[in-house]
Number of protein chains: 2
Amino acid sequence: MTRKKPDASEASTERLALYTAASRAAGIRLTPQRLEIFRVLAATESHPDAEAVHRAVQRVMPTVSRDTVYRTLWRLHDMGLVATLGPSRDRVRFDTNVGPHHHLVCLGCGLVQDFVSATLDGLALPPGVSQWGRVYDTQVEARGLCLACLKAGRATRETTQEKASDER
Amino acid sequence: MTRKKPDASEASTERLALYTAASRAAGIRLTPQRLEIFRVLAATESHPDAEAVHRAVQRVMPTVSRDTVYRTLWRLHDMGLVATLGPSRDRVRFDTNVGPHHHLVCLGCGLVQDFVSATLDGLALPPGVSQWGRVYDTQVEARGLCLACLKAGRATRETTQEKASDER
DNA sequence: CTCTATGCAAAAGCTTTGCACGCCA
DNA sequence: TGGCGTGCAAAGCTTTTGCATAGAG
């Protein structure tokens, strides 16, 4: 029998193996708490916040604390095994540009630069998307390092909650 | 003489006019505080957070309070005159999908759905981008309303800090 | 003159940190 | 056994809210 979608539990097992392997390689201890957090993360297909992960973990292991969840999440993040949604993890930032435009996000300093591109404005999405709902606009988010951060040799994946101070 | 880039101060004036016109149309009072906040926002080409706006406003009008800045920002946001960076304004959310994929963001409930598209994975960016730095990956963020929110007649621009409860 | 907007201060979240104890390697 | 990791509790931040007063229309 052919399988249409690559069974989610397969991906889950694979991800779990990835987490444990990477942890071992990095010399990070595989405590039961971490293993359970790994399991929850590996199984999720959504984009949970720390509290959602904590709740899910607590269903199986009620003594796990919030801090451990946070610490584990950021550790995986530092290892590049999970990402965060949106350009930055800190406070809300506003965009006064209402017209169509796209973003260059610097992973080093957190600065976001606008750019325009007529080609990217009217991007065609795959047909399946219409089953999700109605899309009003699409925006491209390109992530990398700006020249200053490249020269400073700043790491791509730094925690970077420093300045990125705005408003000249 | 030809002008290469459309003078920033032009766009600024234009935006300021937009803010005041929209406010008047919505019956929102044009207090000096709001006008100053409008001026700051209209002039910025970056993506300031609330505090950056507050600092900039205070340089001219030292008595303005943080709350007023927040309230004004969200009001403009509700009118669709400023946007926020990233899919949601609330807490940090994590993405366990490390492979190339794109996001469908529902403006109604805040849920983010992944989708894949080989065409979108290797998007060509405009040549000018190379002067910004080095781009490691690009992701498309499509914003709209999911079926559930469409049926519920939920507004596109609602403040929406409700559930969007994750984890199945 | 009415009714909205402002400022202040306190509350409310979410997230991080210091510290002593416990447990993996 | 030596250190890293965990829990707890408290601190830190950003953002929101209640309320009395001031000011726009």
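Quick note on labels: first sequence line is chain A, next is B, and so on, each numbered from 1.
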Asks: Are B:Leu30 and B:Leu76 connected, step by step, through hydrophobic side chains (Ile, Leu, Val, Met, Phe, Trp, Tyr) whose heavy atoms are closer than 4.5 Å?
Replies: yes
Asks: Output one line per pair: protein atom, nucleotide atom from nucleotides 22-24 of chain C, and distance, for all N/O pairs under 3.5 Å.
Replies:
residue : atom : partner : partner atom : Å
C:dC24  : O2   : A:Arg29 : NH1          : 3.2

Asks: Can A:Val98 be reached from B:Met79 by stepping across I, L, V, M, F, W or Y side chains whose heavy atoms are under 4.5 Å apart?
Replies: no
Asks: Figure out the CE/P separation between B:Met61 and C:dA5, and round it to whole Å.
Replies: 16 Å
Asks: Any side-chain N or O of A:Arg34 below 4.0 angstrom from OP1/OP2 of D:dG5?
Replies: yes
Asks: For a quick check of understanding: with a heavy-atom distance under 4.0 Å over all strands, which category does A:Ser65 fall into, base, sugar-phosphate or nothing?
Replies: base
Asks: Return yes if the base of D:dC13 and the side-chain atoms of A:Asp90 contain a donor-acceptor N/O pair under 3.5 Å, otherwise no.
Replies: no
Asks: Between A:Glu45 and A:Arg15, does at least one N-O distance fall below 4.0 Å, as a salt bridge requires?
Replies: yes
Asks: Please check if the number of heavy atoms outside A:Arg66 that lie under 6.0 Å from its CZ is greater than 12.
Replies: no
Asks: Heavy atoms only, 4.0 Å cut-off, all strands: where does B:Arg66 land among base, sugar-phosphate and nothing?
Replies: base
Asks: Can you find a heavy atom in the side chain of A:Asp114 that is under 4.5 Å from one in the side chain of B:His47?
Replies: yes
Asks: In terms of the nearest nucleotide of DNA chain C, which residue is placed more toward the 5' end: B:Val64 or B:Val92?
Replies: B:Val64
Asks: As a test of reading the structure: which of C:dT6, D:dT15, C:dT15 is closest to the side chain of B:Arg91, going by heavy atoms?
Replies: C:dT15
Asks: Closer than 4.0 Å, any side-chain N/O of A:Thr68 to the OP1 or OP2 of D:dG7?
Replies: yes
Asks: Whole angstroms only, please: what is the NE2-C1' distance between A:His77 and C:dT16?
Replies: 16 Å
Asks: Can you check the A:Asp78 CG to C:dT16 C1' distance for me, whole Å?
Replies: 14 Å
Asks: Whole Å only: how far is the CD1 atom of B:Ile37 from the C1' atom of C:dT6?
Replies: 10 Å
Asks: Using whole Å, report how far CG of A:Leu73 lies from C1' of D:dT6.
Replies: 15 Å
Asks: Taking only side-chain nitrogens and oxygens of B:Trp74, does any of them come within less than 4.0 Å of OP1 or OP2 of D:dT16?
Replies: yes
Asks: Is it true that A:Leu81 and A:Ile28 fall in one hydrophobic cluster, defined by side-chain heavy atoms closer than 4.5 Å?
Replies: yes
Asks: What are the two closest non-hydrogen atoms of B:Leu123 and A:Leu120, and how far apart are they?
Replies: CG-CD2, 3.8 Å
Asks: Per the atom types in the model, does the base of C:dC14 pair as donor or acceptor with the side chain of A:Asp49 at under 3.5 Å?
Replies: no
Asks: What closest approach, in Å, do B:Cys146 and B:Cys106 show between heavy atoms, and which atom pair accounts for it?
Replies: N-SG, 3.2 Å
Asks: Whether the side chain of A:Arg75 and the base of D:dG5 hold a donor-acceptor pair under 3.5 Å is what I'd like checked.
Replies: no
Asks: Can you tell me the distance, in whole Å, between the NE2 atom of B:His54 and the P atom of D:dT15?
Replies: 13 Å
Asks: Tell whether A:Asp67 reaches the base of D:dA9 with its side chain through a donor-acceptor pair below 3.5 angstrom.
Replies: yes
Asks: Is B:Tyr70 close enough to D:dT16 that one of its side-chain N or O atoms is under 4.0 Å from OP1 or OP2 there?
Replies: no
Asks: What nucleotide among C:dA5, D:dC8, C:dT6 has an atom nearest to a side-chain atom of A:Arg71?
Replies: D:dC8
Asks: In whole Å, I'd like the distance from the CG atom of B:Leu35 to the P atom of C:dA5.
Replies: 13 Å
Asks: What contact category does B:Arg24 fall into here, base, sugar-phosphate, or nothing, at under 4.0 angstrom with non-hydrogen atoms?
Replies: nothing
Asks: Send over the distance from A:Gln33 CD to D:dC4 P, rounded to a whole Å.
Replies: 17 Å
